[in-house]
Every structure is written in C-alpha cells, then in structure tokens.
Amino acid sequence: MDPGCSVYGEKLLDRAGTEYRLWDPFRSKLAACIYNGLERLPIIPGSRVLYLGASTGTTASHVSDIVGGRGAVFAVEPAGRVARDLLHRVASRRPNVIPIMQDSRRPGEYPGMYGAADVVYADIAQPDQTAMAVANCKMYLRAEGSLLLVIKARSIDSVRDPAGVIREETAKLEADFGISQAVDLRTYDRDHSLVHAVYPG
Amino acid sequence: MDPGCSVYGEKLLDRAGTEYRLWDPFRSKLAACIYNGLERLPIIPGSRVLYLGASTGTTASHVSDIVGGRGAVFAVEPAGRVARDLLHRVASRRPNVIPIMQDSRRPGEYPGMYGAADVVYADIAQPDQTAMAVANCKMYLRAEGSLLLVIKARSIDSVRDPAGVIREETAKLEADFGISQAVDLRTYDRDHSLVHAVYPG
Amino acid sequence: MNRVVLTELGIVVYDGDKISNRLPFGSPASEYAAIQDGSSGVPALKSCLRGTDATVNDRALLRILRKASMDVRECSEAEAADIRSSKLQILEEAGFASGEDDAMDKLRRFALELSSFRIAAESQSPDLHIIQAVGALDSLDDAINAAASHMREWYGLHFPELESLADGIPGYAGIASAGRRDGLSRGTFEAAGYDARRSEMMDLVCGKSRGGEISDANLRMVQALAAEVLALHRLRSEMESHIDEQMRSSAPNVTAILGATVGAKLLSRAGSLRRLASMSSSTIQILGAEKALFRSLKTGSQPPKHGLLFQHPLVHSAPRWQRGKVARAVAAKAAIAARIDYHTGEPNGALLQSLEARISEISEKYKDPPERP
Amino acid sequence: MNRVVLTELGIVVYDGDKISNRLPFGSPASEYAAIQDGSSGVPALKSCLRGTDATVNDRALLRILRKASMDVRECSEAEAADIRSSKLQILEEAGFASGEDDAMDKLRRFALELSSFRIAAESQSPDLHIIQAVGALDSLDDAINAAASHMREWYGLHFPELESLADGIPGYAGIASAGRRDGLSRGTFEAAGYDARRSEMMDLVCGKSRGGEISDANLRMVQALAAEVLALHRLRSEMESHIDEQMRSSAPNVTAILGATVGAKLLSRAGSLRRLASMSSSTIQILGAEKALFRSLKTGSQPPKHGLLFQHPLVHSAPRWQRGKVARAVAAKAAIAARIDYHTGEPNGALLQSLEARISEISEKYKDPPERP
C-alpha cells in the first residue's frame with residue numbers, strides 16, 4: 001500500500017513488477033503466529049480490522065497490505081512517541097489506515113471509527129488485556145467476526161506459570177466466543193500465545 | 001613501638017600490660033612467609049634492616065616492632081602518595097624508622113642511611129628487582145647478613161610460567177649468595193615467593 | 001425530544017427521525033478537539049436548542065451544554081451503538097460528505113489531523129517533562145560526584161590536609177576556587193560555609209601543609225573545575241525544586257503519598273502518568289527491582305519486597321520484618337493516587353490519612369519481630 | 001689533595017686525615033636539598049677550596065663546584081664506601097653531633113624533614129597534574145554526553161524535528177538556549193553554527209513542527225541545562241588545550257612520539273612519569289589492555305597486540321596485519337622517550353625520525369597481507 005517505503009527495515013522485493021515486503025516473524029507477532037501454524041487467517045482483502053495496540057505500526061502495515069484498498073485498518077494506540085511513529089511512518093502514508101490515538105479501554109471514544117469490524121486484532125501488554133479486547137468486540141465486532149488476541153503471560157502476572165496464565169485468559173473468552181485455535185508463539189516470542197476466537201454476535 | 005596506634009587497621013591486643021599488634025599475613029608478605037614455614041627469621045631485636053620498597057609501611061611497622069629501640073629500619077620508597085602515608089603513619093611516629101624517599105635503583109643516594117645493614121628486605125615490583133636488591137646488598141649488607149627478597153613473578157614477566165620465573169630469579173642470586181630457603185607465599189599471595197639468602201660478604 | 005449527534009465532521013440535531021439542524025465544522029479536527037477539551041462554546045448549537053431538552057451522544061459536549069444550564073442528558077447505549085454503525089449514512093444525510101466514499105475519505109483526514117493534535121498535546125503533558133527532569137537530575141548527580149572527586153584529588157596535590165577536613169562538595173569547591181594556600185584565611189573557610197571551629201582547624205593545617213606548589217596554569221584549571229562543580233551543584237538544586245513544584249501541581253496525590261522525589265522516580269520508571277495509573281499495586285510495589293524479580297523467577301527464590309519504594313521513608317525506616325507490609329500498603333495507595341491524578345488531578349486528603357492509619361496498624365500489630373524457627 | 005665530604009648535617013673538608021674545615025648546616029634538610037637541586041651556591045665551601053683541587057663524594061655538589069670552575073673530581077668508590085660505613089664517626093669528629101646516639105637522632109630528624117620536602121616537591125611534579133587533568137577530561141566527556149542527551153530528549157518534546165537535523169552538541173545547545181520554537185529564526189540556527197542550507201531546513205521544519213507546547217517553568221530548566229552543556233563543553237576544550245601544553249612542556253619526547261592525548265593517557269595509566277619510565281616497552285605496548293591480557297593468560301589464547309596504543313594514529317590506521325609490529329615499534333620508542341623525559345626533559349628529534357623510518361620499513365616489508373593457511 002506504500003511502495004518503495006520500508007516501515008521497519010524489512011526487505012522490499014520486486015517480483016514480476018509487484019513490490020512485496022518481507023514479513024519478519026521476529027518483529028511481527030501475526031507473522032510468528034502464521035509460521036507456527038495458524039490454520040485460518042480471518043484477515044483477507046477487503047477486511048475491516050480494528051487493531052488495538054498498533055504500536056509503531058509494524059504489524060499494522062502488513063495488515064494494511066493484506067486488506068488492500070477496499071479494506072480498512074483502524075489503528076488504536078494512545079498518544080505518545082510510539083503513536084507518533086505510527087502516525088508518520090504508517091498511517092499518513094497508507095490510505096487504508098485510520099489512526100485513533102486513544103486508550104483501548106475507552107472504545108466509546110474512537111474518533112474516526114465507523115461501522116463494524118470484521119476482525120478485532122488485540123496486542124496490548126496490560127493485566128486487563130482480555131477484558132479490554134472483549135469490550136471492544138462487543139461494541140464493534142460483527143457477528144461471525146474474529147478476535148485475534150495476543151496473550152502475553154508476563155504482562156498479566158509476572159510471577160505465575162505462563163501456561164497457566166494463558167489457559168486462564170483463554171477461559172475468560174469462552175463465555176462470549178467460540179475458541180477456534182490457540183497458537184504458541186514460541187521461538188519468536190517467549191510465553192506469548194495468539195488465540196483465534198469467533199464471535200457469534 | 002607506637003602504642004595505641006593501628007597502622008593499617010590491625011587489631012591491638014593487651015596481654016599482661018603489653019600491647020601487641022595482630023600481624024596479618026594477607027596484608028604483610030613477611031607474615032605470610034612466616035606462616036608458610038620460614039625456618040629462620042634473621043630479623044631480631046637490635047637488627048638494622050634496609051627495607052627496599054617499604055610502601056605505606058604495613059610490614060615495615062612490624063619490622064620496627066621486632067627490632068625495637070636498639071634496632072633501625074631504613075625504609076626506602078620513592079616520593080609519592082604511598083611514601084606520604086609511610087612518612088605520616090609510620091616513620092614520624094616510630095623513633096627507629098628512618099624514611100628515605102628514593103628509588104631503590106640509586107643506593108648511592110640514600111640521605112639518612114649510615115653504617116651497614118644486618119638484613120636487606122626487598123619487596124619491589126619491578127622487572128629488574130633482583131639486580132636492584134643485589135646492588136643494595138653489595139653496598140650495605142654486612143658479611144653473613146641476610147637478604148629477604150620477595151619475588152613477584154608477574155612483575156618480572158607477565159606472560160611466562162611463574163614457577164619458571166622464580167627459579168630463574170633465584171638462580172641470579174647464586175653467584176653472590178648462599179640460598180637458605182625459598183618460601184612460596186601461596187594462599188596469601190599468588191605467584192609470589194620470598195627467598196632467604198645469606199651474603200658471605 | 002431533540003437528539004444531538006456529535007460527529008467528526010460536525011453536529012447534527014435530529015427532531016425525531018428528521019434532521020432539524022446541521023452544523024458542519026469548518027476545521028473538523030480543531031473544532032472537535034475544542035469540544036473534547038471544553039474550550040468550545042458551541043453557540044450555534046446552543047441557540048438551536050434554546051428552550052428544548054435533548055439527548056447528547058458525547059460526554060464532553062454534554063458537559064459544555066450542561067454548564068450553560070441546558071436541559072440535556074446522555075443518550076442511551078442503544079442509540080450510541082446505532083450512531084456508531086450508521087456513521088457514514090449520518091454524515092451523508094447531514095451533508096457533511098457527498099457520499100460514503102467521500103465520508104470515509106474525510107473521516108480519515110480528520111483522524112490524521114486529530115491524531116497529530118493529540119500527539120502534540122501529549123508531548124506537552126507535564127508528566128513527560130517531569131520524567132525528563134528526573135533523568136537530568138540523576139545525570140547531574142553523577143557529573144557532580146565525578147567532577148568533585150577530581151577536584152579534590154587535584155587540589156589535594158597542593159593542599160592534601162583539606163581532604164579530611166572539608167566535607168561536602170560546595171564547601172570544598174568554595175575553598176578550591178579561592179586559589180593557593182597562602183591566599184586562604186579563616187574568612188575564606190567561613191565563607192565556604194564552615195563553622196568557626198572548623199575554619200580555625202583548616203587555617204591551622206593550611207599553614208603547616210605538606211602539599212606541593214601548584215603552577216599558575218594548573219591552578220587556573222583547578223579553579224575552573226571547582227567553579228564548574230559549583231555551577232552544576234546550583235543547577236541540581238534548581239532541578240530538584242522544579243521537580244518538586246511540578247509534582248505538586250500535576251500529580252498532587254502521588255506527591256502526597258510518595259513525596260515528590262520517589263513519586264517522580266516511579267513516574268519515570270513507568271514512562272508516563274497514564275502508564276503509572278494503569279499499573280496494579282503489586283507492579284508499583286516492585287518497580288525498580290526488576291533484576292531481583294527476574295532472578296527470583298529463575299532461581300525460585302523469594303521475590304523482592306520492594307523496588308524504588310524502598311527509598312520511601314516509611315518503608316526504609318520501618319523495622320525489617322514490617323517492610324514488606326508497609327511497602328504493600330504504600331503501593332496500594334500510590335496506585336489509587338496515580339489514577340486520581342491521571343483522571344482528575346484533584347487532591348484527595350483522605351488517601352494520605354488512610355495510609356497513615358494503615359501504617360500505625362502495621363507497626364502496632366507487628367511490633368515484635370517474628371520468632372526464629 | 002683535599003677531600004670534600006658532604007654529609008646530611010654539613011660539609012667537612014679533610015686535608016689528608018685531618019679535618020681542615022667544618023661547615024655545619026643551620027637547617028640540614030633545606031641546605032642539603034638546595035645542594036641536590038643545584039640552587040645552593042656553597043660560598044663558604046668555595047672560599048675554603050680556593051686554589052686547591054679536591055675530591056667530592058656527592059655528584060650534585062660536584063656539579064655546583066665545577067660550574068664555579070673549581071678543580072674537582074668525584075671520589076673513588078672505595079672512599080664513598082668508607083664514608084658510608086663511618087658516617088656516625090665523621091659526624092661526631094666534625095662536631096655536627098655530640099656522639100653516636102646524638103648523630104643517629106639528628107640523622108633521623110634530617111630524614112623526616114627531607115622526606116617531607118621530597119614528597120611536597122613530588123606532588124607538584126607536572127606529570128601528576130597532567131594525570132589529574134586527563135581524569136577530569138574523561139569525566140567531563142561523560143557529563144557532557146549525558147547532559148546533552150537529556151537536553152535533546154527534553155527540548156525534543158517541544159521541537160522533535162530538530163533531533164535529526166542538529167548534529168553536534170554545541171550546535172543543538174545553542175538552539176535550545178534560544179527558547180521556544182516561535183522565537184527561532186534562520187539567524188538563530190546560523191548563530192548556533194550551522195550553514196545557510198542547514199539553517200534554512202531547520203527554519204522550515206520549525207514552522208511545521210508537531211512538537212507540543214512547553215511551559216515557562218520547563219523551558220527555563222531546559223535552557224539552564226543547555227547553558228550548562230555549553231559551559232561544560234568550553235571547560236572541556238580548555239582542559240584539552242591545557243593537557244596539550246603541559247605534555248609538550250614536561251614530557252616533550254613522549255609527546256613527540258605518542259601525541260599529547262595518547263601520551264597523557266599512558267601517563268595516567270602508569271601513574272607517574274617515573275613509573276612510565278621504568279616500564280619495559282612490552283608493558284607499554286599493552287598498557288590499557290590488561291583485561292585482554294589476563295584473559296589470554298587464563299584461556300591460553302593469543303595475548304593482545306596493543307592497549308591504549310591502539311588510539312595512536314600510526315597504529316590504528318595501519319593495515320590489520322601490520323598493527324602488532326607498528327605497536328611494538330611505537331612502544332619501543334615511547335619507552336625511550338619516557339626515560340629521556342624523566343631524566344633530562346630535553347627534546348630529542350632523532351627519536352621521532354628513527355620511529356618514522358621503522359614505520360616506513362614495516363609498511364614496505366609487509367605491504368601484502370599474509371597468505372591464509
């Protein structure tokens with residue numbers, strides 16, 4: 001979506017006249033998840049993705065490439081230095097990225113957001129990350145839409161056994177979602193998992 | 001020789017009205033040598049000792065105690081911060097210590113030195129330490145006097161095997177001295193030996 | 001019943017299902033932001049609504065209208081959801097955009113501009129400046145200690161006896177600035193801040209000093225170094241006062257519970273007031289002890305009882321066996337204090353009282369050390 | 001033939017075995033020291049010896065008498081040994097002491113006083129001051145870098161775009177001192193030392209900056225910090241010039257071979273010029289690489305080829321395979337240079353020439369890299 005521009009130092013390749021960007025699983029958890037066997041990626045061309053915790057936009061830029069011109073990435077990150085990079089290096093250069101400088105705990109206050117999302121992608125390192133993601137889904141995720149939730153064990157409880165933490169967080173989703181798959185991001189990120197859950201609506 | 005005053009933090013003990021000072025083998029190589037089995041200590045009450053490399057006076061103060069009021073310690077150390085401590089904390093407080101602020105390579109220029117020495121004690125960390133000690137002995141050591149020479153392997157050659165260095169230095173003495181004993185200062189000082197050699201005169 | 005709908009591109013007023021008023025924004029991001037921070041008066045909207053009651057979908061706009069004594073209340077969650085899902089149609093209906101594509105385009109441009117404002121506003125946030133000041137303070141301390149140590153050693157070549165007599169950095173620097181020994185008098189020492197007795201001792205040793213002479217060139221450099229030490233020392237004091245002032249003004253509750261210094265350091269470790277306010281009290285308790293924490297996780301040993309919080313007088317002056325409990329109590333109140341400061345900034349006296357009560361409780365209940373097993 | 005005997009307490013002149021003149025010292029240590037450093041004229045002795053020849057037991061006294069064109073030569077080693085062993089009797093005979101005990105007592109007091117003088121004199125030795133300056137220089141560098149880093153981050157909240165454009169510490173500090181963005185102009189940037197093109201770019205981004213506002217209080221602190229950075233920078237330059245000057249004057253040969261900076265660092269590592277002068281050339285070669293040396297001794301790997309010496313342009317700009325040889329050559333000349341500087345302080349141009357010749361030789365002989373095995 002932004003030819004000629006490398007967002008985080010990734011390699012740009014030209015194949016048969018089209019530019020491709022190398023997607024680094026050590027830099028992007030979504031790539032790591034795919035490498036580690038995600039069965040179905042719900043993000044497709046045309047998808048409208050609500051991205052909580054977009055950070056400097058590394059993964060968001062790849063999502064932008066996938067969803068293409070008919071899709072949209074609503075990138076949520078609180079105002080700050082990190083958000084500044086997201087704004088200058090990704091959002092302002094890609095017509096399908098809408099930056100929303102806000103805390104993900106306040107989904108009712110997302111200026112620039114409109115309509116429902118097909119996918120909510122949440123990568124927030126906070127103790128209450130799961131509750132936050134669920135609240136956003138209830139407000140914006142369409143029926144049969146997907147939640148891709150990154151669970152970082154140490155942010156939730158730095159002392160407990162990670163596997164236990166991940167099980168517990170996944171259990172919190174069962175009330176409202178159908179758990180499709182949980183992928184361990186080992187090799188690329190220690191004590192992280194990405195859970196794909198489907199929202200019945 | 002200086003009651004009530006601790007030179008380097010050593011403990012002062014009172015036994016039957018006389019003050020004694022604890023002689024620490026980790027701080028004083030002469031003490032270490034005695035601990036490690038020196039058979040005969042040529043320093044006795046009344047000895048006149050030429051002490052090359054007296055440093056801050058730790059060992060010199062104990063030698064001063066041993067030789068007592070009828071003995072003398074000619075403490076040689078080049079002018080500098082270390083010599084300042086020797087002067088203020090040991091020499092000025094002990095009537096039997098004569099400070100000589102000079103490089104041991106210039107034995108002809110020891111203002112304050114007089115007569116011959118019964119013992120030359122040399123603890124100088126220099127590559128030419130042995131030659132230095134021998135020159136001083138030839139000028140000041142009386143016949144049948146003793147040389148107590150500390151050999152620090154690393155100062156002489158920092159790369160060679162220490163045992164070999166010590167053997168070689170000891171060999172340099174054989175031309176002019178009878179080797180009485182060589183004591184390894186292990187446990188207290190690594191790669192150091194103290195050689196007791198007797199000067200025929 | 002009127003329905004006031006604030007959108008990114010303007011305000012729409014509905015009478016039932018019909019649009020009764022449309023108030024587009026000339027500069028959408030600026031005007032929207034002005035409503036969010038309460039600085040806008042929305043006069044046009046107020047005259048539309050005169051004498052009627054209305055529901056409003058945005059809390060900031062609601063506050064502005066309420067302040068003007070208008071009869072308004074928040075719309076229902078159902079209505080808010082409806083607005084969210086039909087945003088594009090509303091914008092087209094209201095004439096703020098020519099069609100859905102145009103609406104999406106305008107919304108994105110709005111988002112870019114508002115984001116830019118918010119980032120700028122965030123970077124003037126007082127807590128960020130406090131964090132900068134704390135970092136600068138630490139570096140100043142390092143610089144002062146290093147420079148003072150060189151100054152003492154260097155001037156000490158000339159006047160070694162001063163080392164043990166002149167404690168304190170500005171005092172020594174004051175003397176060294178004054179030049180050679182032979183130019184120093186009791187007055188110099190007293191001017192440097194030492195009392196009469198100490199000054200007399202210094203004067204005595206000065207006359208009998210065994211230090212060496214110092215050349216003009218070297219003396220000049222030592223005096224320049226001493227002057228620099230004094231300048232750094234002054235700047236450090238100013239920086240500390242500045243931090244104290246700023247903490248009291250922008251984080252009054254954190255300052256009340258932790259004191260300006262410890263509070264500023266915790267703020268610095270957290271990265272911002274927002275982040276500190278989102279931390280659990282157990283995280284705050286060990287902020288600063290991360291190494292010890294990870295070591296305890298690796299080796300299975302006891303986790304640390306306190307991090308930066310140890311610097312709090314209540315914690316380090318408590319008897320050893322009470323410290324963990326005291327740290328926990330302080331951390332709990334600090335977490336609440338941070339949230340109050342982040343959300344409202346209003347001082348709350350009850351917090352400190354409640355903490356003091358808890359500390360007394362701990363010191364009573366655990367008066368005696370635990371028995372050794 | 002007269003025999004002149006310099007003792008600690010005075011000068012004795014023997015005619016054969018009889019004492020023909022006795023010249024006691026009023027202040028033994030001072031007068032003895034004055035003879036050693038050549039500042040004494042010994043007029044009384046000179047008149048005693050007028051028209052006669054004599055042997056003298058002390059080289060410093062010999063030099064003084066020779067300068068006055070007196071016919072004197074050094075006494076034999078046998079006589080010197082005799083004087084040393086009968087010192088106490090000589091002192092008693094000459095009436096400088098009342099008996100052997102008195103002589104010993106006076107000698108000790110002499111030794112204490114002379115030692116005090118020598119320590120004082122040593123602490124004014126220029127090399128010690130240079131070492132202090134080198135230490136201060138390093139600390140100043142650390143302080144400047146830390147303070148400048150905070151200054152950039154702090155002012156960067158207000159004017160973030162300046163970070164990538166304003167390289168160099170005094171330049172950035174000059175701009176930050178000037179205050180808020182809206183007060184900056186092309187003139188400010190040029191005054192801070194940037195060229196016309198760069199200043200124009202800065203002016204451009206300044207107008208469109210996305211940084212936040214900065215309060216008066218915070219701005220004041222940032223400006224104070226920037227001012228301090230500039231002051232430290234100035235002091236650093238002065239310190240560097242001072243070291244350069246001092247090195248040229250008190251260690252001209254070391255300076256010629258190593259340059260003032262590397263020379264001063266080696267001096268600092270050695271602890272004094274005396275110590276540097278007593279080091280072997282292989283020790284000098286690896287001064288500064290002690291960690292690497294001990295590691296190689298432990299693990300049996302190759303010892304380091306160079307320590308601080310790597311900072312010498314001749315060493316680090318040589319091709320990799322020549323560096324060990326170059327370092328060895330430089331170290332060899334540096335060792336000689338240190339000895340000359342310690343003993344005479346006279347510059348010796350041949351040293352540098354000889355080093356340059358050797359370097360050319362190395363670069364010719366080993367022009368090509370060694371073949372890989």
Side-chain angles (χ1 to χ4, degrees), chain B residues 48 54 69-70 72-88 90-117 124-129 132 138-140 142 154-162 191, chain D residues 6-9 28-29 32-33 35-36 57-60 74 77 80-81 83-91 100-101 103-123 125 128 271-272 274-275 277-280 282-283 286 290 293-294 296-297 303 342:
Chain B
R48 294 158 50 78
R70 294 182 302 114
V73 183
F74 297 92
V76 180
E77 178 65 33
R81 166 156 296 153
V82 159
R84 192 201 298 168
D85 282 349
L86 174 67
L87 182 64
H88 292 180
V90 177
S92 56
R93 305 181 62 94
R94 290 163 167 277
N96 65 354
V97 178
I98 297 95
I100 299 174
M101 314 276 88
Q102 183 59 278
D103 190 322
S104 305
R105 289 181 186 89
R106 294 152 93 153
E109 300 168 44
Y110 287 170
M113 180 69 184
Y114 54 90
I124 311 154
Q126 288 291 320
D128 54 342
Q129 57 179 164
M132 257 197 263
K138 289 186 168 171
M139 196 171 282
Y140 292 109
R142 65 162 172 80
R154 297 230 174 280
S155 295
I156 293 168
D157 190 329
S158 48
V159 234
R160 278 187 56 198
D161 152 55
D191 304 321
Chain D
L6 171 69
T7 75
E8 289 85 342
L9 308 181
Y32 184 94
I35 289 172
Q36 292 303 311
N57 71 327
D58 180 87
R59 284 195 192 134
E74 206 178 349
E77 181 49 37
I83 291 167
R84 276 194 296 271
S85 54
S86 51
K87 177 89 58 81
L88 296 178
Q89 289 99 295
I90 291 171
L91 292 175
E100 286 202 3
D101 285 342
M104 292 195 284
D105 185 57
K106 286 185 155 81
L107 278 173
R108 177 168 174 268
R109 276 192 293 180
F110 164 90
L112 288 172
E113 210 181 335
L114 185 71
S115 295
S116 197
F117 287 160
R118 287 190 166 183
I119 283 171
E122 200 268 354
S123 63
S125 168
L128 295 192
S272 70
R274 183 184 61 81
R275 287 215 189 125
S278 72
M279 285 179 169
S280 64
S282 55
T283 305
I286 52 168
E290 289 84 3
L293 176 66
F294 290 132
S296 79
L297 290 173
Y342 177 61

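Chain identifiers are assigned alphabetically (A, B, ...) following the order of the sequence lines, protein sequences preceding nucleic acid strands; residue numbering begins at 1 within each chain. As the structure is a prediction and not an experimental result, all values here were calculated from the model.
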In Å, rounded to the nearest 0.5 Å, how long is the span from [atom1] of [X] to [atom2] of [Y]?
X: B:His88; Y: D:Ser116; atom1: NE2; atom2: OG; result: 5.5 Å
X: B:Asn96; Y: D:Arg108; atom1: CG; atom2: CZ; result: 8.0 Å
X: D:Glu113; Y: B:Leu87; atom1: CD; atom2: CG; result: 11.0 Å
X: B:Glu109; Y: D:Arg59; atom1: CD; atom2: CZ; result: 6.5 Å
X: D:Ser115; Y: B:Glu77; atom1: OG; atom2: CD; result: 11.0 Å

Q.
The criterion is ring pair (Phe, Tyr, Trp, His ring centres under 6.0 Å); which residues satisfy it with B:Tyr110, sequence neighbours excluded?
A.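 Counting only residues at least two positions away or on another chain, B:Tyr110 forms a ring pair (Phe, Tyr, Trp, His ring centres under 6.0 Å) with B:Tyr140.
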### Message
Using the ring pair (Phe, Tyr, Trp, His ring centres under 6.0 Å) criterion, which residues pair with D:Tyr342? Sequence neighbours excluded.
### Response
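Residues passing ring pair (Phe, Tyr, Trp, His ring centres under 6.0 Å) with D:Tyr342: none at all.
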Does any backbone or side-chain atom of B:Asp128 lie under 4.5 Å from a heavy atom of chain D? Answer side chain, backbone, both or neither.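 Answer is neither: B:Asp128 stays 4.5 Å or more from chain D.
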Engaged part of B:Ala91 at the chain D interface, taking heavy atoms whose separation is under 4.5 Å:
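For B:Ala91, the contact with chain D is made by backbone and side chain together.
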Return the minimal non-hydrogen interatomic distance between D:Ala111 and B:Pro99, and the atom names on each side.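 For D:Ala111 versus B:Pro99, the nearest heavy atoms are CB-O, 3.5 Å.
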Proximal component of [X], with respect to chain B [non-hydrogen, under 4.5 Å]:
X: D:Arg274; value: side chain
X: D:Met104; value: both
X: D:Glu77; value: side chain

#### Entry: Leading residue by heavy atom contact count with chain B [cutoff under 4.5 Å; candidates D:Leu107, D:Ile119, D:Leu88]
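If we count pairs closer than 4.5 Å to chain B, D:Ile119 comes out on top.
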If you tally heavy-atom pairs under 4.5 Å against chain B, which of D:Arg118, D:Lys87, D:Arg84 wins?
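Of the options given, most contacts go to D:Arg84.
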| query | Is there a donor-acceptor contact under 3.5 Å from the side chain of D:Glu8 to the main chain of B:Pro111? | reply |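 Not at all, since once roles are kept as given, no pair shorter than 3.5 Å links the two residues.
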message: Is it true that, when you exclude B:Arg142 itself, more than 12 heavy atoms of the residues, nucleotides or ligands shown sit nearer than 6.0 Å to its CZ?
response: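 Check passes, neighbour count above 12.
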### Query
Among B:Pro95, B:Ala72, B:Pro127, who wins on heavy-atom pairs under 4.5 Å with chain D?
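Heavy-atom pairs under 4.5 Å are most numerous for B:Pro95.
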